[in-house]
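Have a look at the structure below before the remarks.
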Amino acid sequence: MKSDLLTKLNKQQLLAVTNDSGPLLVIAGPGSGKTRVIVHRVAFLISEKQVKPDEIMVVTFTNKASRELKDRLNGLLGQYDASRIISGTFHSIASKMLRINGDSIGIANNFSIYDREDQISIVRQACELVEVDTKRYNPSIFLSIISNAKSKMIDPILNQATSDSLFDKLAANVYLEYEKLLHDNQALDFDDLLLRACTLFEKSPLVLADLQNRIKYLLVDEFQDTNFVQYKFAKQLTGDSQNICVVGDPDQSIYSWRNADLRNILNFQKDFKNCTVVKLVENYRSTSNILNASQALISQNSNRITNDIETYNPEGTPIELHVAENEYDEASIITEKIKKLRLEGFSYENFAVTYRVNAQSRAFEEAFVRNGVPYKLIGALKFYQRREIKDIIAYLRIIQNSNDDNSMLRVINVPPRGIGERTVTALKNLANLNGDSVCHALLNLDETVLNIHKNGIKSLKNFQGILNEVIEESLSDHSLTSLLDKILSITGYREHILRELEGSEERWENIGELRSIAGQFDDIQPNEALNAFLDQVALVTAEDDPSSDSNESVTLITLHQTKGLEFPVVFIPGLEEGLLPHSRSMDSFDEIEEERRLFYVGITRAISNLYLSWSKYRTIFGTTTRTIRSQFVDNIPENLLKIVNTNKFQLEERSFTKTTNLFDQQNLLPTINEGDKVEHFKFGKGVVVQTIPRSGDFEIVVAFKVNGIKHLLSSVAKLKVLE
DNA sequence: ACATATGACGTTTTT
DNA sequence: CGTCATATGT
Ligand SMILES: Nc1ncnc2c1ncn2[C@@H]1O[C@H](COP(=O)(O)OP(=O)(O)OP(=O)(O)O)[C@@H](O)[C@H]1O
């Protein structure tokens, strides 16, 4: 066993695995065995250093990665129970801590966790309360401002005091009200889970000390995509032992839009001055063709930290670049390729089609269905955000947390039971008057105070009865499944669904699926089962989706979600300006570079075959437009690319190299000079600090008030000069 | 109160 | 193009 543990590692990996005390930073490129280091390090600590599994915490990027880690550990060390290590995403670990210890900072253990949809609904309510017109301002803008503030630990009250512009003040008010509403609903959003866990550590030194005592070793995978709060969380947990090991690759940082902050890596080296830094330099995954292409691509980025990486793997087959007429053509080219390669010995699960936006999956699904190619779609419309699932979850949440008005109001009339808008408002007002939740208001209903039609009262009484029965069932010692069944039967949800014209069968099947997932919690205490089940539901990461179970099928997946995965054959379609890089991420060099990293992550997933493609025409929002080949294709040396044009009409496409001057002509703006005050629709106001000529264009460096320094291209950025 | 029609609006990426 | 929230009719 010991041999297995240490022989399958190279010298640097060995160093990282056996360096068993003090802080450790592993920075290394793709396929260099970072994940392997984590697995073996944990195995080493357990089997050679007598560390108990439950003294080790490993933070992974997805829940699936956690499960795989445990599986691999169990394979490596038979006699220890690796499933006892503490492992999960930051969010799921924090949530568990709050359920256990949250009461010491005033968080009841039955809090609800709000997902994006719930959050939007709360933002809407907040807007209404502070009289912000949601038609003028999109609620999701506020949501991203709030999330950004939270992941930088900006307090809403402080925030309100320091904001000056009109919009900032508006946003600050919405933020404050949003917090109040979450509190009323006894709910936490994703950012709260991390934030409150940190507060818990600060406010309850005893809790923290206890955790620090128990957790002897902390490991964090994909460290390049952690945000400020997550890093703080990890730092706090580490305590004096400083046995913290973080592993990452700055070149694979692709979640800055979710507030991930690369500075964490730099700060780590400052915060842990004595940290050991290990760099891995060999790629074990890809052919040298693929690796060389990836290195050429990423070398275009500035301010890189990761060292270059090399491989002793064979050259492999050439990377192909296919030009398609439109997205359907593109899908059939790829389908044909899959069929052909399968005859050469690949099986369906060896293939992944990796794209920039979920909408791209459609053409592939259609082509695959037509050709009988089995596939699994990762992510897209997630199981748990389907309407029918969310309805049932809402019922469960009401049982879990009767203060969850948002869930209560979601299903108060689902299925329709005669409780209309007027009745709901009356009930809501009554609840407000008594400073009570809607659920309590209903359960303790005094109908004489409500001046509504008697039919309304009757409907409310009816629903009161329903709720009471469900509550009674939840208080019995029956399983979660029987609670679910009770909800389904007493509300008549099945009939409600089957009444619908479209997709009703599928909807009911989904409920069946939910029921069987709930069944997995039947052997836990019913009381805890509900919390555990709802936590899992709220914190699922894409690949836990039940629809992605099937093996022996081609994977359809966004580039973001391919992080950490590998496939023998990878297709990257849609290499067009506006798609990759995406049009919404072309406003600054930073954004373009992150898009480039995304492409880089995609390329480096491939083990042996890589197929790139783009379509000359693509239909977006129903309109078909001529496209331009992605600038990133030009970053890959020609000698590594085999250009394949299967088209019947073979026109000279070669003239479309480089970003064409589509914008340049009309946009020769009144020249922007250093010192000018400018406004950008996204980054806000700022001052031009530098202008640098760039082949017929200008790079403009702007110091934005809120967003800091950005490098913009004058032809692309919509800069307004302010007087 | 509820079902259907209409129009605005939007898509990166997700814990 | 499709979804969703709001407006309209029954
Ligand atoms: N020392 C080694 N000898 C042989 N194969 C190795 C070694 N280390 C890792 N590998 C293999 O290389 C591949 C990539 O390893 P791993 O997933 O750990 O890399 P990674 O650095 O986490 O990659 P990425 O950052 O791209 O997700 C895996 O298939 C792994 O089994």
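Chain letters run A, B, ... following the sequence lines, proteins first, then strands; residues in each count from 1. These numbers were taken from a predicted model, which means no experiment stands behind them.
Distance CG (A:L559) to P (B:dT11): 20 Å, rounded to an integer number of Å. What separates CD of A:Q224 from P of B:dT13 is a distance of 20 Å, to the nearest Å. When rounded to the nearest whole Å, the span between CG of A:D590 and P of B:dT13 equals 21 Å. Across the protein-nucleic acid pair, A:I141 atom CD1 and B:dG10 atom C1' stand 12 Å apart, rounded to whole Å. Atom CZ of A:F61 is separated from atom C1' of B:dT13 by 11 Å (rounded to the nearest Å). Between A:Q385 atom CD and B:dT13 atom P there is a gap of 11 Å when expressed in whole angstrom units. The separation between A:I254 atom CD1 and B:dT13 atom P is 13 Å, rounded to whole Å. Rounded to a whole Å, the CG atom of A:L539 is 12 Å from the C1' atom of B:dT14.
When heavy atoms are screened at a 4.0 angstrom cut-off, A:L579 is found touching no nucleic acid atom at all. Counting non-hydrogen atoms under 4.0 angstrom, A:R362 reaches the backbone sugars and phosphates but no base. Heavy atoms of A:R597 sit nowhere under 4.0 angstrom from any nucleic acid atom. Nucleic acid contact for A:T423: sugar-phosphate only, since backbone atoms but no base atoms lie under 4.0 Å from a heavy atom of the residue.
Between A:N455 and the phosphate of B:dA1, there is no side-chain N or O to OP1/OP2 separation shorter than 4.0 Å. Taking 4.0 angstrom as the limit, A:N138 places a side-chain polar atom (N or O) nearer than this to OP1 or OP2 of B:dG10. Dashed line: the shortest gap from a side-chain N or O of A:N358 to OP1 or OP2 of B:dT14 is under 4.0 Å. For the OP1/OP2 pair of B:dT13 and a distance below 4.0 Å, the side-chain nitrogens and oxygens of A:S585 include no atom meeting the criterion. A sub-4.0 Å separation between OP1 or OP2 of B:dT14 and a side-chain N or O of A:Q561 is present. Listed pair A:T558 / B:dT14 meets the phosphate criterion, a side-chain N or O lying under 4.0 Å from OP1 or OP2.
More than 12 heavy atoms of other residues, nucleotides or ligands shown are found within 6.0 angstrom of CZ on A:R99. Other residues, nucleotides and ligands place no more than 12 heavy atoms under 6.0 Å from the NZ atom of A:K458. Surrounding CD of A:E131 are at most 12 heavy atoms belonging to other residues, nucleotides or ligands under 6.0 Å away.
Each of A:E595 and A:F90 has a nearest nucleotide on DNA chain B; the 5'-most of these lies closest to A:E595. Looking at which nucleotide of DNA chain B each of A:R258 and A:E421 is closest to, the 5′-most match is held by A:E421.
Each of A:L598, A:L556, A:I572, A:V601 was scored for a side chain to side chain contact (heavy atoms under 4.5 Å, CB included) with A:T354, with one residue passing: A:I572. Just one residue in the list A:L143, A:V174, A:N406 forms a side chain to side chain contact (heavy atoms under 4.5 Å, CB included) with A:I122, and that residue is A:N406.
If you check B:dG10, B:dA1, B:dT13 against the side chain of A:R422, the one that comes closest is B:dA1. In this structure, of B:dT14, B:dG10, B:dC2, it is B:dC2 that holds the atom nearest to the side chain of A:N413. Here B:dT11 is the nucleotide among B:dT14, B:dT11, B:dA1 with the atom lying nearest to any side-chain atom of A:R584. When distances are taken from the side chain of A:T89 to each of B:dT15, B:dT11, B:dA3, the shortest belongs to B:dT15.
Judged by ring centres under 5.5 Å apart and planes tilted less than 30 degrees, A:W257 stacks against the six-membered base ring of B:dT13.
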Check the pair A:R362, A:E327 against salt bridge (charged side-chain N to carboxylate O under 4.0 Å, His left out), reporting the backbone distance first and the verdict last. CA-CA 9 Å; A:R362 204 178 155 151; A:E327 63 267 37; over 6 Å; no
